[in-house]
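Written below as structure tokens is the structure these notes are about.
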Amino acid sequence: MSRNIVTIILAAGLGKRMKSGLAKVLHPVAGKPMFLYPVRVAEEISSAKIIAVVGHQADRVLDALAGRNVEIALQAEQKGTADAVRTGMDSLKDYKGTVVILCGDVPLITSETIKHLLAVHDEEKASVTVLTTEVEDPSGYGRIVRNPDGLIARIVEDRDADDSIKQIREVNTGIYAFDSRLLSSIVYEIRSENSQKEFYLTDSIEVCRKKGLRVSAYKTSGTDEVMGINSRIELARAEGIMRRRINNRYMLNGVTFVNPEAVYIDMDVSIGRDVTIYPGTVIQGNTAIGDRSIIYSNNRIVNSRIGVGVTIKDSCVVEDSVIGDGSQVGPFAHLRPGVVLGRDVRVGNYVELKKSVMGDGSKANHLTYLGDAEIGSSVNIGAGTITCNYDGQGKYKTIIGDGVFIGSDVQLVAPVKVGDGAFVAAGSTVTKDVPPGALAISRVEQENREGWVEERKKKNKKQ
Ligand code: UD1
Ligand code: CA
């Protein structure tokens with residue numbers, strides 16, 4: 001495409017209809033604040049500059065933009081979409097080219113559609129081109145009123161529409177391409193004579209018409225894409241559409257979903273080939289999953305790196321952790337933040353790990369808590385082993401060398417070290433460091449009293 005493009009993203013409103021303490025554009029869709037999707041589109045159409053008009057909870061909107069090349073324009077008071085654009089245009093006084101207007105509450109829009117809009121805008125040498133669409137239920141949207149010759153005459157907001165205009169099913173998507181110089185003058189000519197006493201950007205169409213300028217429209221058939229989110233019902237619909245899009249992308253890249261409708265994967269997750277994912281699984285944040293892994297039902301995996309050929313059995317929670325190639329986790333395991341499992345590690349039923357490392361080939365198969373532990377390779381952790389890492393004040397480390405065998409039901413009272421190749425007998429409470437190759441045993445010796453049960457019975461009869 002030929003030109004200079006600047007994108008303004010309108011994201012200052014509160015969104016009253018969401019009935020929320022959180023500004024509408026910050027509500028997540030597939031795990032990301034919804035306004036970041038139009039920001040991405042602006043990046044994809046290679047805008048020379050991206051300006052976000054912010055207002056409500058501006059600081060949080062700013063946080064969400066960290067690391068991105070987006071300029072901020074603060075609209076202190078939300079006086080309508082035309083006022084928002086005026087705010088955005090403040091830093092564009094000398095700019096000549098095209099301004100694309102996107103809405104922070106229209107997250108499903110794609111760059112393909114904007115490229116089409118720009119192509120029409122160019123071809124028709126228009127002053128403004130509106131992106132429109134036809135919907136089954138146009139309520140809430142601005143209606144596109146066309147002249148008998150088919151040319152677009154004006155846009156009438158739902159609130160200001162009479163019954164005949166309300167019948168029109170072609171609606172304004174709130175997305176436009178404008179000639180920059182025209183836009184910077186026209187936004188000052190718009191008046192707030194309407195039911196909401198707001199400055200409507202939609203009035204720019206009629207203003208242009210009156211000036212004899214060329215107004216075009218590009219009607220897209222991608223109705224889902226241009227859906228504006230105003231309520232939680234629309235939010236849930238957008239979420240569903242976005243998830244379907246994401247899951248389709250993975251399936252096309254070689255991921256099997258046993259039931260794609262029941263898998264919830266955030267936008268920024270990456271998944272390798274021949275991965276199989278069962279229903280009920282939620283994968284969030286910056287998680288990456290290597291080739292040939294199997295994720296069974298009802299797992300939640302957050303900001304974690306899962307290696308190649310990993311198996312995660314049912315009902316695990318994995319947070320901010322790393323699982324090495326070929327390892328197996330679950331069922332019912334909890335990897336809390338800071339866990340690093342090497343290759344071919346086994347973490348089994350009802351095992352909880354926190355801020356712990358397990359070296360290659362190590363195993364903790366049953367009923368165990370390992371916190372602040374550094375565990376070498378080829379270590380066997382017996383059932384019921386517990387690191388006592390907390391004394392009510394501080395957290396202490398347990399260090400276990402390579403090839404160690406920890407028997408069942410052992411308590412390791414940290415800080416404590418078990419040297420390479422050592423053996424800790426079942427039922428021991430380890431309070432002192434164990435030298436390499438040693439046996440540590442700390443349990444009361446067993447005493448067997450012959451005939452004790454019979455004696456007790458006799459005693460009971462006498463009484
Ligand atoms: C707007 C359009 C409507 C269109 C619909 C499509 C106007 C007057 N109406 O209506 O024709 O069919 O979008 O979704 O333009 N915003 C600001 N500052 C403000 C007001 C709004 O930044 O002062 C932002 C909001 O945060 C939002 C976007 O502009 O992201 C649209 O505002 P909203 O109030 O949702 O407009 P709609 O009533 O949906
Ligand atoms: Ca809206």
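For reference, positions follow the sequence shown, starting with 1. The structure presented is a predicted model; accordingly, all values stated were derived computationally and were not measured. Remember, it's 1-based here, ligands and their atoms both numbered in the order they're listed.
Taking any N or O of Gln75, backbone or side chain, at least one lies under 3.5 Å from an N or O belonging to ligand 1. Below 3.5 Å of separation, one finds an N or O of Gly80 facing an N or O of ligand 1. For ligand 1, one of its N or O atoms has an N or O atom of Gly13 under 3.5 Å away. The N/O atoms of Val106, backbone and side chain alike, include none that comes under 3.5 Å of an N/O atom in ligand 1. Residue-to-ligand polar distances keep Glu77 apart from ligand 1: every N/O pair is separated by 3.5 Å or more.
Here is the list of ligand 1 atoms found below 4.0 Å of a heavy atom in Arg17: 38 (O). Shown in contact with Lys79 at under 4.0 Å from a heavy atom are these atoms of ligand 1, numbered in order with element: 23 (O). Atoms of ligand 1 found under 4.0 Å from any heavy atom of Gly104 (numbered from 1 in listed order, with element): 30 (O). The Gly142 neighbourhood of ligand 1 comprises atoms 3 (C), 4 (C), 11 (O), 12 (O), with distances under 4.0 Å to a heavy atom of that residue. Close approach to Thr202 involves these atoms of ligand 1, each under 4.0 Å from a residue heavy atom: 7 (C), 8 (C), 9 (N), 11 (O), 15 (O). Every atom of ligand 1 with a heavy atom of Lys24 under 4.0 Å away is listed here by number and element: 35 (O).
Of the protein's heavy atoms, Leu10 CB, 3.7 Å lies nearest to atom 24 (C) of ligand 1. Remark: minimum distance from atom 39 (O) of ligand 1 to any protein heavy atom is reached at Asn230 OD1, 3.7 Å. With respect to atom 33 (P) of ligand 1, the closest heavy atom belonging to the protein is Asp105 OD2, 4.3 Å. Closest to atom 32 (O) of ligand 1 among all protein heavy atoms lies Thr81 CG2, 4.0 Å. Counting only heavy atoms of the protein, atom 9 (N) of ligand 1 lies nearest to Glu157 OE1, 3.0 Å. What sits closest to atom 22 (O) of ligand 1 on the protein, heavy atoms only, is Ala12 N, 2.9 Å. Distance from atom 5 (C) of ligand 1 to its nearest protein heavy atom, with residue and atom name: Asn172 O, 4.0 Å. Nearest protein heavy-atom contact of atom 13 (O) of ligand 1 is Gly174 CA, 4.4 Å.
There is no protein heavy atom closer than 4.0 angstrom to atom 36 (O) of ligand 1. Not a single protein heavy atom sits closer than 4.0 Å to atom 1 (C) of ligand 1.
When non-hydrogen atoms are compared, ligand 1 lies under 4.0 Å from neither the backbone nor the side chain of Glu198. Contacts between Ala84 and ligand 1, counted as non-hydrogen atom pairs separated by less than 4.0 Å, involve the side chain only. Contacts between Thr173 and ligand 1, counted as non-hydrogen atom pairs separated by less than 4.0 Å, involve the backbone only. Of all the heavy atoms of Ala82, none lies under 4.0 Å from any atom of ligand 1, so neither backbone nor side chain is involved. The proximity of His56 to ligand 1, defined as any non-hydrogen pair under 4.0 Å, does not occur for either the backbone or the side chain.
For the pair Arg86 and Tyr188, the cation-pi test (distance below 6.0 Å, angle within 45°) is passed. A cation-pi arrangement, defined by a distance under 6.0 Å to the six-membered ring centre and an angle within 45 degrees of its axis, is present between Lys395 and Tyr390. For the pair Lys32 and Tyr37, the cation-pi criterion (under 6.0 Å, within 45° of the ring axis) is fulfilled.
When each of Val347, Ile295, Ile301 is checked for a side-chain contact (heavy atoms from CB on, under 4.5 Å) with Val329, only Val347 meets the rule. Just one of Lys354, Lys397, Arg336 meets the salt bridge (Lys or Arg N to Asp or Glu O under 4.0 Å) condition when paired with Asp372; it is Lys354. The only option from Val53, Val54, Ile51 that meets the side-chain contact (heavy atoms from CB on, under 4.5 Å) definition with Ile72 turns out to be Val54.
Salt bridge Arg146/Asp149: absent, no basic N to carboxylate O contact under 4.0 Å. Ion pairing of Glu261 with Arg244 is present here, as a side-chain N (NZ or NE/NH1/NH2) and a carboxylate O approach within less than 4.0 Å. Contact check on Glu170 versus Arg143 returns no salt bridge, with no Lys/Arg side-chain nitrogen under 4.0 Å from an Asp/Glu carboxylate oxygen. Taking 4.0 Å as the cut-off between side-chain N and carboxylate O, Glu198 and Arg159 do not count as a salt-bridged pair.
At least one side-chain heavy atom of Val39 sits under 4.5 Å from a side-chain heavy atom of Val70. Two residues are said to be in side-chain contact when any heavy atoms from C-beta on lie closer than 4.5 Å; Asn303 and Gln284 fail this criterion. Counting only heavy atoms from C-beta outward, the side chains of Val275 and Asp291 never approach each other to under 4.5 Å.
Asp63 meets the salt bridge (Lys or Arg N to Asp or Glu O under 4.0 Å) test with no other residue; sequence neighbours excluded. By the side chain to side chain donor-acceptor pair (under 3.5 Å) test, Arg68 is found to be paired with Glu43, residues two or more places apart in sequence or in another chain being considered. For Arg154, there are no salt bridge (Lys or Arg N to Asp or Glu O under 4.0 Å) partners, not counting sequence neighbours.
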**Q.** Derivation of the side-chain contact (heavy atoms from CB on, under 4.5 Å) call for Cys208 and Lys210
**A.** CA-CA 5 Å; Cys208 285; Lys210 283 186 178 149; over 6 Å; no
Q: Using the side chain to side chain donor-acceptor pair (under 3.5 Å) rule, take Asn230 and Lys24 through it: C-alpha gap first, then chi angles, then the decisive distance, then the call.
A: CA-CA 8 Å; Asn230 297 307; Lys24 176 168 67 179; 3.0 Å; yes
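Within the 4.0 Å heavy-atom cutoff, Val171 does not count among the residues contacting ligand 1. Not a single heavy atom of Arg159 sits closer than 4.0 Å to an atom of ligand 1.
Protein N/O/S atoms closer to the Ca ion (ligand 2) than 3.0 Å number 2 in this structure.
Ring-plane geometry between Tyr350 and Phe332 is classed as parallel, the angle between the planes falling under 30 degrees on a 0 to 90 degree scale with a further cut at 60.
Between Tyr218 and His116, the distance separating the two ring centers is shorter than 6.0 angstrom.
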